[in-house]
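Right, one structure below, let's go through it.
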Amino acid sequence: MKIENNNIEEEEKSLNFLEEIIENDLKNNVNNGRVHTRFPPEPNGYLHIGHAKSICLNFGLADKYKGLCNLRFDDTNPSKEEQEYVDSIKEDIKWLGFEWHKELYTSDYFDQLFDWAVMLIKQGKAYVDDQNQEEISKQRTSPTEPGIESPFRNRSVEENLKLFYEMRDGIHPEGSRILRAKVDMNSPNMHMRDPIMYRIMRAHHHRTGDKWNIYPMYDYAHGQSDFIEQITHSICTLEFENHRPLYDWFLDNIAQEGEDRPKQREFARLNLNYTVMSKRKLLELVKDGFVNGWDDPRMPTISGLRRRGYTPASIRAFAKRIGVAKRENVIDIAVLEHCVREDLNKTAPRIMAVLNPVKLIIDNYPEGKTEYVTAENNPEDENSGSREMPFAREIYIEREDFMEDAPKKFFRLTLGGEVRLKNAYIIKGESIVKDADGNITEIHCTYDVDTKSGSGSEASKRKVKGTIHWVSAKDAVKVDVKLYDRLFSDENPAGNKEVADYKELINPDSLQTLSNCFVEPSVMSAKSEDRFQFQRTGYFCLDKDSTPEKLIFNRTVTLKDSWSKKQK
RNA sequence: UGACCUAUGGUGUAAUGGUAACACAGCAGAUUUUGAUUCUGUCAUUCUAGGUUCGAGCCCUAGUAGGUCAACCA
């Protein structure tokens with residue numbers, strides 16, 4: 001009964017403003033009850049977590065309302081766009097777990113767009129302007145004063161047509177002429193001051209090759225593409241809000257009475273602290289070598305997060321948790337980290353790994369003996385089973401799990417103190433060996449043979465205040481581990497006014513490579529991108545650059561650590 | 001100082017004219033063979049001023065603050 005109630009509560013959870021709009025449209029039978037969205041990336045960079053928000057929104061809305069969602073590449077600027085980006089975008093969307101209805105390209109519509117432009121010229125609603133960029137910009141003046149009409153604004157239809165065809169046919173050089181919509185040079189909205197529809201561009205297009213000498217601008221192409229695809233809800237980010245009247249103006253002049261028309265709606269883009277989110281900046285970090293490519297685990301790109309060990313489910317949960325609204329927002333990176341911990345806690349197998357090893361010798365344990373102890377794979381998942389791991393006289397433990405002069409609250413190994421070796425025995429610190437510099441090289445202990453985990457003996461049930469992880473020295477696998485920290489040391493690197501360039505705020509310690517780590521032998525069977533919890537340390541995944549000789553693990557995120565916090 | 005948009009705990013998001021709630025973060029405690037997880041408790045919120053109304057976070061007006069717009073980018 002209680003579960004039923006919970007389900008009802010889930011379903012009746014409050015709607016975001018876009019869901020409200022859609023439900024209202026559905027109720028009024030707008031678009032005959034259809035819901036059709038689209039995700040429209042420009043293939044000029046890799047997708048990042050901000051795009052993930054948009055993807056989850058567009059695909060999620062289509063899913064929720066039994067509609068469709070297209071993937072449409074907005075490829076109207078061949079000077080910036082490349083096939084490599086198309087491929088990566090498709091891979092990232094699939095990895096996130098979404099399937100598009102159709103894969104489409106704005107360039108699929110270049111012929112139709114051209115025909116509509118001719119139609120607008122014939123209706124006296126578009127004209128060819130021979131002025132250069134500077135002159136046009138000057139005539140637009142500023143938002144507070146009226147604009148100045150171009151001297152070419154009232155050319156005859158015949159002349160406009162002739163020139164536009166010539167532009168298409170490559171008669172005129174780049175930059176010499178453009179096609180403008182004749183809207184309103186006095187509009188307080190700058191986008192309405194006779195916006196540019198087409199520019200001359202002699203660039204090779206990744207799909208249409210050298211067919212075109214002119215390419216449409218975003219404002220002329222986007223709404224019409226939505227219209228052609230019969231998109232119902234065209235969802236974009238806030239900075240396009242001022243474009244909406246123009247979006248509608250073109251459709252007013254193109255769509256016929258009674259035809260379904262897309263409506264543009266705007267939401268606030270995602271901002272995350274301690275990172276940057278603009279494609280331009282991310283490209284710069286890649287090109288200038290501040291990171292090792294678009295999929296560097298420190299990047300907020302989808303491919304970076306994937307390599308870091310984030311799961312698709314954790315990113316979807318994140319998108320859901322942050323919500324959708326219209327006000328500017330900055331999400332704490334801790335929310336993303338919480339989402340991945342939440343998922344990995346339920347799904348990641350536990351293994352033992354010692355990142356900063358010190359040798360520990362159990363003096364009263366038989367030399368040469370190896371026994372196997374049983375370890376649960378995941379206490380949060382009862383179906384995950386268990387495994388056997390080797391235990392011997394010499395093991396490695398974490399250097400910070402031992403202290404010579406320990407404070408009272410230190411629950412780990414000390415001289416004369418007891419601690420449990422997880423899944424094995426209780427040991428007691430006896431003595432230490434140091435090198436000439438005073439560094440501890442060996443810790444000698446004794447163990448209580450009756451305290452083996454799971455043996456059921458009275459002694460095994462004894463409580464000791466600490467439990468630490470370990471690996472058998474002769475059986476462990478030596479691996480590399482990469483510890484990642486936030487890429488920027490400033491909360492808002494892009495907005496920091498105290499530095500000339502955001503790159504000055506890059507965290508110099510964002511990557512730390514450890515090459516003397518020991519992991520239990522069961523990892524030998526791990527595959528690239530497999531995720532684990534290194535017990536008591538954090539979540540890690542196997543990097544794709546691993547070889548059978550040298551495994552490389554990336555730290556996704558640490559475990560929450562109230563001990564280190566308390567120490568500060 | 002033109003147009004458009006926005007304003008709720010530290011950060012997000014709800015409350016649809018009727019008791020301001022949920023999550024993250026923080027703090028305190030319980031449990032724990034991971035100082036994790038889990039559980040409990042706790043701190044903290046409607047930009048300002050008017051107005052409408054029995055009643056306003058919500059509606060209206062004005063102000064203030066922030067964002068966007070003057071690419072042949074998207």
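Chain A is the first sequence line, chain B the second, and so forth, proteins listed ahead of strands; every chain is numbered from 1.
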Can you check the distance between [N] and [M], where both ends of the measurement are the [atom1] atom (answer in whole Å)?
N     : M     : atom1 : answer
B/U38 : B/C43 : P     : 22 Å
B/C24 : B/C60 : P     : 35 Å
B/G67 : B/C73 : P     : 26 Å
B/A62 : B/A74 : P     : 37 Å
B/C58 : B/C47 : C1'   : 15 Å
B/U37 : B/U32 : C1'   : 9 Å
B/G63 : B/U1  : P     : 10 Å
B/G10 : B/U48 : C1'   : 22 Å

Please pick, from [options], the nucleotide with the shortest atom-to-atom distance to any side-chain atom of [X].
X      : options             : result
A/L559 : B/C72, B/A36, B/C24 : B/A36
A/K80  : B/A36, B/A23, B/C73 : B/C73
A/N329 : B/G35, B/G12, B/A74 : B/G12
A/N242 : B/G12, B/A74, B/C4  : B/C4
A/I331 : B/G2, B/G12, B/A74  : B/G12
A/M201 : B/U33, B/C73, B/A70 : B/C73
A/N16  : B/G2, B/U33, B/A14  : B/A14
A/E328 : B/U34, B/A74, B/G67 : B/G67
A/I322 : B/C24, B/A70, B/G12 : B/G12
A/V330 : B/G12, B/U34, B/A23 : B/G12

Return no unless some side-chain N or O of [X] is found under 4.0 Å from OP1 or OP2 of [N].
X      : N     : value
A/R269 : B/U6  : no
A/R199 : B/A74 : yes
A/S142 : B/G2  : no
A/H191 : B/C69 : no
A/K320 : B/U13 : no
A/K560 : B/G35 : no
A/T76  : B/A74 : yes

How close or far is atom [atom2] of [N] from atom [atom1] of [X], stated in whole angstroms?
X      : N     : atom1 : atom2 : result
A/Q264 : B/C4  : CD    : P     : 16 Å
A/M192 : B/C4  : CE    : P     : 13 Å
A/E241 : B/U6  : CD    : P     : 7 Å
A/Y218 : B/C69 : OH    : C1'   : 14 Å
A/N377 : B/U33 : CG    : P     : 19 Å
A/N423 : B/U33 : CG    : P     : 12 Å
A/K326 : B/C4  : NZ    : C1'   : 9 Å
A/E491 : B/G10 : CD    : P     : 14 Å

(message) For a quick test of reading the model, state the closest non-hydrogen atom pair linking A/H191 to A/D219 and the distance between them.
(response) ND1-OD2, 4.5 Å
When we call it a touch if two heavy atoms are under 4.0 Å apart, what does [X] touch: a base, just sugar-phosphate, or nothing?
X      : value
A/V464 : nothing
A/T141 : base
A/R350 : base
A/K346 : nothing
A/S453 : base
A/Q133 : base
A/Q131 : base
A/Y220 : nothing
A/E266 : nothing
A/Y198 : nothing
A/P245 : nothing

(message) Under a 3.5 Å cutoff, is there a donor and acceptor pairing between the side chains of A/R193 and A/T141?
(response) yes
(message) Under 3.5 Å, is there a donor on one side chain and an acceptor on the other for A/E145 and A/S142?
(response) yes
Partner nucleotide, any strand, of [N] [Watson-Crick/G-U, under 3.5 Å]:
N     : result
B/A74 : none
B/U37 : none
B/U61 : B/A49
B/U31 : none
B/C4  : B/G67
B/A20 : none

(request) Assign B/A71 to syn or anti; the rule is syn for a glycosidic angle within 90° of 0 and anti otherwise. (result) syn
(message) Using a distance-only criterion (donor-acceptor N/O pair, under 3.5 Å, no hydrogens), is the base of B/U34 paired with the side chain of A/R536?
(response) no
(message) Tell me if the CD atom of A/E382 is crowded by more than 12 foreign heavy atoms within 6.0 Å.
(response) no
(message) Go nucleotide by nucleotide along RNA chain B from the 5' end; which of A/A268 and A/N345 gets its closest nucleotide reached first?
(response) A/A268
Hey, is the main chain of [Y] close enough, under 3.5 Å, to the side chain of [X] for a donor-acceptor pair?
X      : Y      : result
A/N273 : A/I333 : yes
A/R38  : A/I235 : yes
A/S384 : A/N378 : yes
A/R180 : A/I178 : no

(request) Using the six-membered ring for Trp and the full ring for Phe, Tyr or His, decide whether A/W563 stacks on the six-membered base ring of B/G35 (centres under 5.5 Å, planes under 30°). (result) yes
(request) With rounding to the nearest 0.5 Å, note down the distance linking CE in A/M197 to CD1 in A/I214. (result) 9.5 Å
(message) As a test of understanding, state which of A/Y109, A/Y247, A/F250 forms a side-chain contact (heavy atoms from CB on, under 4.5 Å) with A/Q224.
(response) A/F250
